[in-house]
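Report on one structure; see the data block that follows.
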Amino acid sequence: MKKQKPKLAVWKFASCDGCQLSLLDCEDHLLAVADRVDIAYFPEATRAVVKGPYDLSLVEGSVTTPHDEERIHQVRRASRLLVTIGACATAGGIQGLRNFKDVKEFTTIVYASPQYIETLKKSTPISDHVRVDFELWGCPINKSQLLEVISAFLYRRKPNIPAHSVCIECKLRETVCVMVAHGTPCLGPVTHAGCGAICPSYHRGCYGCFGPKETPNTASLSSWLVRLGMKNDAILRVFRTFNANAEAFRKESQAHED
Amino acid sequence: MKPFFIIHRNSLDSLFGALVGRNFTLVGPTLRDRAVAYSEIATVNDLPFGWTDEQDGGTYRLKKSDRQTLFDYAAGPHSWKKFLFPPALQLWEAERQIGPHEASPEYPPSHEGRGEQPRYAMIGVRSCDLHAIAVQDKVFAEGSHRDPTYEARRKNLFIVAVNCSHGGGTCFCRSMNTGPRATSGFDLALTEILEADRHVFLAESGSDRGAQVLREVTQEEAQESDIRAAERITADASVPMGRLMDTTDIRGLLYNNYDHPRWDHAAARCLACGNCTIVCPTCFCNTVEDFTDLAGTRAERRRRWDVCFAVDFSYIHGGSVRSTIRSRYRQWLTHKVATWIDQFGTSGCVGCGRCITWCPVGIDITEEVREIRANRPDDRKTLSEVGHAHT
């Protein structure tokens with residue numbers, strides 16, 4: 001008898017769709033995914049919908065509306081395993097910048113009829129609302145890491161997604177440290193590995209797209225950034241990007257508010 | 001007494017040629033990303049001619065040298081260990097041949113430990129790094145647990161050492177008795193002599209194959225004046241060191257100061273990024289990771305460098321043993337200069353200074369040891385001071 005394939009669902013909340021595109025971008029590997037799982041719900045890719053429950057749910061995006069606040073609970077109920085993909089779902093995303101300001105003020109400036117806008121004061125990660133089984137960081141996620149998570153799920157093993165620094169990735173690919181050798185400010189020492197240390201290999205400092213690494217010492221890095229000539233407002237800004245609402249980055253940026 | 005020979009700068013390529021002729025892949029210092037990095041080289045033109053460096057805690061700057069020399073710089077951002085102990089290595093892979101429940105794993109010859117290993121000739125290894133290779137030999141190639149990849153690469157290895165004429169800003173080999181002059185562990189050792197009218201290398205052999213290669217490259221025996229010139233170049237007074245470390249009873253010092261407040265001070269600065277361990281030429285920790293492909297037909301096991309600053313490193317059932325950065329930094333430093341001696345009969349530190357230079361926030365192992373020594377609470381004497389309390 002043929003074994004039933006596990007059902008995969010891909011959900012979207014407040015996001016740019018980039019992480020879902022990473023899955024579509026897997027090309028040949030996507031065929032291998034489709035061969036092993038039943039792509040049951042993935043509106044970005046297909047209108048065909050297979051009813052739940054789902055064995056694996058990939059959730060993109062953050063919670064920013066009262067409607068989504070409800071919907072994420074339905075997703076959780078319909079999912080055996082729930083994995084968040086990307087900075088929005090895992091930390092609140094770039095839209096988490098609203099958390100530092102008054103969102104009502106924004107809506108009155110941006111929209112002609114702000115009374116129709118129903119939005120929450122804060123953009124929050126999925127884990128603020130429901131239990132999350134695994135979090136995949138990145139803006140966007142790295143597609144190899146996504147395939148690794150799906151593969152680990154399929155064969156019931158631990159995904160090899162280390163939470164150490166980007167520095168380790170630089171060193172493993174033998175990139176010369178841009179901060180030490182060039183004096184270029186870099187968030188690598190406090191940032192979660194996963195991208196493959198792309199920016200330093202092009203002589204740029206790390207922008208922290210993959211969020212805080214395990215046990216990040218942001219305060220110590222900031223004092224070194226000051227020595228490299230960065231001012232308080234610049235330090236605030238480097239910690240306030242795609243992962244602005246991730247706890248370690250949020251606290252560090254707040255420590256540099258005047 | 002070993003005879004010393006002279007190799008002219010213009011005939012250094014014939015030395016390289018002799019090594020290539022023996023099927024060695026040459027690796028040596030090159031300019032890359034504004035640093036002196038060890039990579040494959042073909043000719044003398046690949047070496048950083050006329051360059052030097054300035055190093056301090058957390059800072060490395062490549063500079064134009066005022067001397068037209070080939071080896072006027074200190075340790076680079078990478079260590080030589082990458083050639084013997086590769087950063088990432090596939091240990092084995094298995095392919096499912098039949099049905100899903102009738103796996104017939106096959107271990108192909110791509111198993112790196114068993115396959116053919118590169119034959120490297122390292123050009124320009126400094127004395128500290130020769131000692132580091134000797135330290136890793138103890139880890140990987142001696143005792144009951146040997147690493148086949150390391151052993152095979154090490155057996156093939158040809159080392160051309162270069163004596164230091166330049167003490168780096170973070171160097172402290174003199175404190176660790178590991179330099180600046182190479183005394184053993186090489187096939188050939190060179191001292192670069194630049195005079196007004198000539199640019200030569202004083203060469204000595206440290207092995208039979210080194211002597212053979214040397215005979216093939218030069219017949220010019222060194223004059224007494226050349227030998228004296230080389231001695232002057234590598235003399236202690238000529239090679240100032242940026243750092244020093246008092247290693248007197250360092251085991252007792254650290255074993256009796258586990259709770260020293262300096263550990264908190266270090267933990268406040270330490271990023272736990274792992275750079276120090278990766279640039280360290282003796283750090284040998286690695287981890288293995290198992291992978292499967294999506295189709296479920298192929299599995300492989302890979303090894304990669306690991307760092308004791310990662311939380312996973314000390315993960316056992318229930319959690320990590322070293323959850324705080326303080327405990328991880330203390331573990332690293334104490335292992336490096338103290339428990340390493342118990343484990344391998346030698347210090348794990350060779351005084352190359354890389355961990356100081358490449359720490360993104362300039363944490364200095366010599367400073368940490370000095371502070372612990374200088375500000376000990378009175379009841380925390382070293383072992384020798386209390387007459388070996390450990391029994």
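In what follows, chains carry the letters A, B, and so on, assigned in the order in which the sequence lines appear, proteins first and then strands, with residues in each chain numbered from 1.
Proximity to chain B is limited to the side chain of A:Leu154, based on heavy atoms less than 4.5 angstrom apart. Of the two parts of A:His164, only the side chain, counted from C-beta on, holds a non-hydrogen atom closer than 4.5 Å to a non-hydrogen atom of chain B. Heavy atoms closer than 4.5 Å to chain A are found in the backbone of B:Asp293, but not in its side chain. A:Pro216 does not touch chain B: none of its heavy atoms, backbone or side chain, sits under 4.5 Å away.
Most heavy-atom pairs under 4.5 Å with chain A, from the set B:Gly58, B:Ala299, B:Gly76: that is B:Gly58. Your options are A:Ser165, A:Ser151, A:Gly183, A:Ala32, and the one with the most heavy-atom pairs under 4.5 Å with chain B is A:Ser151. Contacts with chain A were tallied for B:Val311, B:Thr59, B:Thr277; B:Val311 has the most, counting heavy-atom pairs under 4.5 Å. Of the listed residues (B:Ala268, B:Ser39, B:Ala267, B:Cys359), the greatest number of heavy-atom pairs within a distance under 4.5 Å of chain A belongs to B:Ala268.
Under 4.0 Å is where a charged nitrogen must lie from a carboxylate oxygen, and between A:Glu27 and A:Lys143 no such pair does. Between B:Asp264 and B:Arg262 there is no salt bridge, since no side-chain nitrogen of the basic residue lies less than 4.0 Å from a carboxylate oxygen of the acidic one. Ionic pairing of B:Asp56 and B:Arg243 is present here: one or more N-O contacts between side-chain nitrogen and carboxylate oxygen are shorter than 4.0 angstrom. A salt bridge links A:Glu174 with B:Lys82: the distance from a Lys NZ or Arg NE/NH1/NH2 to an Asp or Glu carboxylate oxygen falls below 4.0 Å. The pair A:Arg157-A:Glu148 counts as a salt bridge, with a side-chain nitrogen and a carboxylate oxygen less than 4.0 angstrom apart. A salt bridge links B:Asp290 with B:Arg301; the closest basic N to acidic carboxylate O contact falls under 4.0 Å.
Summarising the geometry of A:Gly188 relative to A:Cys206, their closest heavy-atom pair is N-CB, 3.3 Å, with the distance given to 0.1 Å.
Side-chain rings of B:Tyr73 and B:Trp51 stay apart, their centers remaining 6.0 Å or farther from each other.
Within the 4.5 Å cutoff, no side-chain heavy atoms of B:Cys273 are placed close to those of B:Phe309.
Contacts between residues 315-334 of chain B and chain A, counted as heavy-atom pairs separated by less than 4.5 Å, involve B:Ser323, B:Ile325, B:Arg328.
Under the 6.0 Å distance and 45° angle rule, B:Arg302 counts as a cation-pi partner of B:Phe291.
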